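Since the structure comes first, as structure tokens, the remarks are kept for the end.
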Amino acid sequence: MNGSISISTQENSRICPVLCIVVPCFNEEAALEETAACLEACLSHLELKGNIAASSSIIFIDDGSTDATWKSIEAISRHSSRVQGIRLAHNSGHQNALLAGLEYADADAVITIDADLQDDVGAISKMVAAYCEGAEVVYGVRDCRDTDTRFKRITAQGFYHCMRFLGVNVIFNHADFRLMSRRAITALLRYPEVNIFLRAMVPMLGFHSAIVTYSRSRRLVGESKYTPLRMLSFALTGITSFSLRPLRLITIVGFVVAAMAALVGLWAGVAALTGSASTPGWASLLLVISFLGGAQLFAIGVVGEYVGRIYLETKRRPRYEVEAFSGVAYNKVKLDRLRE
Ligand code: UDP
Ligand code: MG
């Protein structure tokens, strides 16, 4: 009997799911009002068409902003029963803010989208349709990168190629605009790591997925929170969390260099014995020594990246800390969890 109830509930959730949109925000005061209005209009439209349940909602995660973002979220959630807010106690990073939203969202399906609305809100209905047809994960994939700066385009594409080369399964031109079903979220939340890279973690789950392509617009207000240094750190987290190939490559390179050194040593020995050795040039010697010194430092650095992340993992620090909630419809169970 229980089984039949759960099956029919599941079927209902595929027909008219409760949808939650999770929006991470870090110093996004300039964008919030318009973003909230746009997402609310989108939910109302989908609800009117009977595509999602009336209790569908939006959660803004304030990732420790230092501007008026939280005040704005509080004001918006006061006026709209659909909108809830969670303020993290400090800036925990985009990925952790997304994870907080996924953990707190009480819905059949959750869509994550950036606060600057660069991602196309129009694609949300297609994502819901794909979910209703059975997809557990729906990836928003950019159809082109025309709106990126040259620097961003080259580094981003290089990164995707690099990840593929290192054997990591990432969806090309997909960032964090995606829909996840309750089942996929439950599976994701079983991953306990603190170095989070959702773009590779979600494909790793391996559920039935679909792709929705969309055009990404330019950021209209505020500025990108991903400085080149942050992008580099994010890329390193992605690589070191999912691939051991850099370590293997170092081993192979070390082996090849050692083999070459042995061959050169053999040649030098033969040359000395046959008396054909000429005075070696100091420049080439210096070049080889400094090259090998640099290569060794690089190799130590790569190993250090892994060791550093092991260090972070072993500490098991919480991935984020919640400071406050806002919004009338807030789920009591979760508030109780906070008080524990
Ligand atoms: N973000 C966040 N915490 C951070 C950095 C960014 O929650 O530490 C949010 C940000 O407010 C935005 C999303 O993550 O909603 C993506 O950031 P951004 O638009 O700056 O990235 P870009 O589109 O330039 O890659
Ligand atoms: Mg953006």
Side-chain angles (χ1 to χ4, degrees), residues 20-39 58-73 76 83-105 110-121 123-124 140-142 144-160 170-178 194-199 214-238 319-324:
C20 177
I21 302 182
V22 164
V23 191
C25 314
F26 179 55
N27 292 344
E28 298 285 6
E29 61 178 352
L32 269 183
E33 261 184 43
E34 198 185 331
T35 303
C38 193
L39 292 176
I58 303 165
I59 304 183
F60 287 101
I61 313 287
D62 177 5
D63 186 16
S65 299
T66 49
D67 65 358
T69 296
W70 181 241
K71 275 203 165 64
S72 181
I73 293 174
I76 297 165
V83 177
Q84 299 161 19
I86 298 177
R87 174 160 169 83
L88 303 188
H90 57 259
N91 180 237
S92 308
H94 181 199
Q95 302 292 290
N96 286 315
L98 288 173
L99 202 77
L102 292 174
E103 275 187 330
Y104 279 91
V110 178
I111 290 180
T112 50
I113 189 169
D114 291 351
D116 52 17
L117 286 196
Q118 283 189 270
D119 299 321
D120 179 13
V121 174
I124 289 179
V141 171
R142 300 176 63 170
C144 69
R145 284 193 164 265
D146 289 354
T147 50
D148 279 356
T149 60
R150 213 175 133 83
F151 175 74
K152 182 112 186 183
R153 190 162 53 237
I154 293 171
T155 49
Q157 295 205 320
F159 175 66
Y160 283 111
V170 282
I171 313 286
F172 215 74
N173 284 339
H174 161 70
D176 287 298
F177 182 33
R178 73 176 81 80
V194 293
N195 292 290
I196 309 231
F197 189 75
L198 291 169
R199 290 166 208 199
Y214 70 99
S215 304
R216 196 170 205 250
S217 49
R218 283 180 208 285
R219 186 185 252 274
L220 293 179
V221 287
E223 49 192 45
S224 173
K225 310 301 176 308
Y226 276 95
T227 57
L229 215 63
R230 262 193 155 190
M231 271 159 58
L232 183 68
S233 156
F234 186 51
L236 285 175
T237 298
R319 297 183 278 202
Y320 59 85
E321 210 56 65
V322 175
E323 184 177 293

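As the structure is a computational prediction, the values presented were derived from the model and not from experiment. Just follow the structure's listing: the first ligand is 1, and inside any ligand the first atom is 1.
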Step by step, would you call Glu34 with Leu117 a side-chain contact (heavy atoms from CB on, under 4.5 Å)? CA-CA 9 Å; Glu34 198 185 331; Leu117 286 196; 5.5 Å; no
Distance under 4.0 Å to a non-hydrogen atom of Pro24: what atoms of ligand 1 satisfy this? 7 (O), 9 (C), 10 (C), 11 (O), 12 (C), 15 (O)
I'd like to know whether Asp62 forms a side-chain contact (heavy atoms from CB on, under 4.5 Å) with Ile86, so could you lay out the CA-CA distance, the side-chain angles of the two residues, the decisive distance to 0.1 Å, and finally the verdict. CA-CA 6 Å; Asp62 177 5; Ile86 298 177; over 6 Å; no
Which ligand 1 atoms are under 4.0 Å away from a heavy-atom of Asn91? 3 (N), 4 (C), 8 (O)
Select one of side chain, backbone, both or neither to describe which atoms of Asp63 lie under 4.0 Å from any atom of ligand 1, heavy atoms only. side chain
Between Tyr160 and Ile171, which heavy-atom pair has the shortest distance, and what is it? CE2-O, 3.6 Å
Charged N to carboxylate O under 4.0 angstrom, Arg216 versus Asp119? yes
Consider ligand 1: state whether an atom of it lies below 4.0 angstrom from any non-hydrogen atom of Arg219. yes
Does atom CD (Glu33) have a neighbourhood of more than 12 heavy atoms from anything else shown, all under 6.0 Å? no
Can you check side-chain contact (heavy atoms from CB on, under 4.5 Å) on Asp120 and Ser217, steps first, answer last? CA-CA 8 Å; Asp120 179 13; Ser217 49; over 6 Å; no
Relative to ligand 1, is Asp176 under 4.0 angstrom through side chain, backbone, both or neither, heavy atoms considered? neither
Within 4.0 Å of some non-hydrogen atom of Lys152, the atoms of ligand 1 are 22 (P), 24 (O), 25 (O)
Identify the two heavy atoms, one from Cys25 and one from Thr69, that lie closest to each other, and give their separation to 0.1 Å. CB-CG2, 3.9 Å
Decide whether an N or O pair under 3.5 Å exists between Asp116 and ligand 1. yes
Ring centres under 6.0 angstrom apart (His94, Tyr226): yes
Return the closest protein heavy atom for atom 21 (O) of ligand 1 as residue, atom name and distance. Tyr226 CD1, 3.3 Å
Which of the atoms in ligand 1, numbered in the order shown and given with their element, are less than 4.0 Å from a heavy-atom of Gly93? 3 (N), 8 (O)
For atom 1 (N) of ligand 1, the closest protein heavy atom turns out to be Phe26 CB, 3.8 Å
Assign the ring pair Tyr214 / Phe177 to parallel, tilted or perpendicular, where the plane angle (0 to 90°) is split at 30° and 60°. perpendicular
Are Asp148 and Arg142 close enough that some pair of their side-chain heavy atoms sits under 4.5 Å apart? yes
Measure the distance from atom 24 (O) of ligand 1 to every protein heavy atom, then report the residue, atom name and distance (to 0.1 Å) of the closest one. Ser224 OG, 2.5 Å
Below 4.0 angstrom from a heavy atom of Arg230, which ligand 1 atoms are there? Numbered from 1 as shown, please. 4 (C), 5 (C), 8 (O)
The Mg ion (ligand 2) to Asp116: nearest N/O/S atom name: OD2
Using heavy atoms and a threshold below 4.0 Å, how should the contact between Met231 and ligand 1 be classified: side chain, backbone, both, or neither? neither
Would you say the side chain of Lys71 lies within less than 4.5 Å of the side chain of Glu29, judging by non-hydrogen atoms? no
Counting heavy atoms only, which part of Lys225 comes closer than 4.0 Å to ligand 1: side chain, backbone, both or neither? both
Side chain, backbone, both or neither: which part of Arg216 has a heavy atom under 4.0 Å from ligand 1? side chain
Closer than 2.8 Å to the Mg ion (ligand 2): does that hold for any N, O or S atom in Ser224? no
Is there side-chain contact between Asp176 and Arg199, with at least one heavy-atom pair below 4.5 Å? yes
In this structure, atom 14 (O) of ligand 1 is nearest to the protein heavy atom His94 CD2, 3.2 Å
Assess the residue pair Gln95 and Asn195 against the criterion (side chain to side chain donor-acceptor pair (under 3.5 Å)); give the C-alpha distance rounded to whole Å, side-chain angles, the decisive distance to 0.1 Å, and a yes or no. CA-CA 9 Å; Gln95 302 292 290; Asn195 292 290; over 6 Å; no
Touching ligand 1 at all, Gln95? Heavy atoms, strictly under 4.0 Å? no
Begin from the C-alpha positions of Lys225 and Glu28 and carry the test salt bridge (Lys or Arg N to Asp or Glu O under 4.0 Å) through to its verdict. CA-CA 10 Å; Lys225 310 301 176 308; Glu28 298 285 6; 3.3 Å; yes
Nearest protein heavy atom to atom 23 (O) of ligand 1, by residue and atom, and its distance? Gln118 OE1, 3.0 Å
Atom 12 (C) of ligand 1: the protein heavy-atom neighbour that sits closest, reported with distance to 0.1 Å: Glu28 OE2, 3.4 Å
Any nitrogen or oxygen of Ala97, side chain or backbone, less than 3.5 Å from one on ligand 1? no
With a heavy-atom distance limit of 4.0 Å, tell me whether Cys25 approaches ligand 1 through its side chain, its backbone, both, or neither. backbone
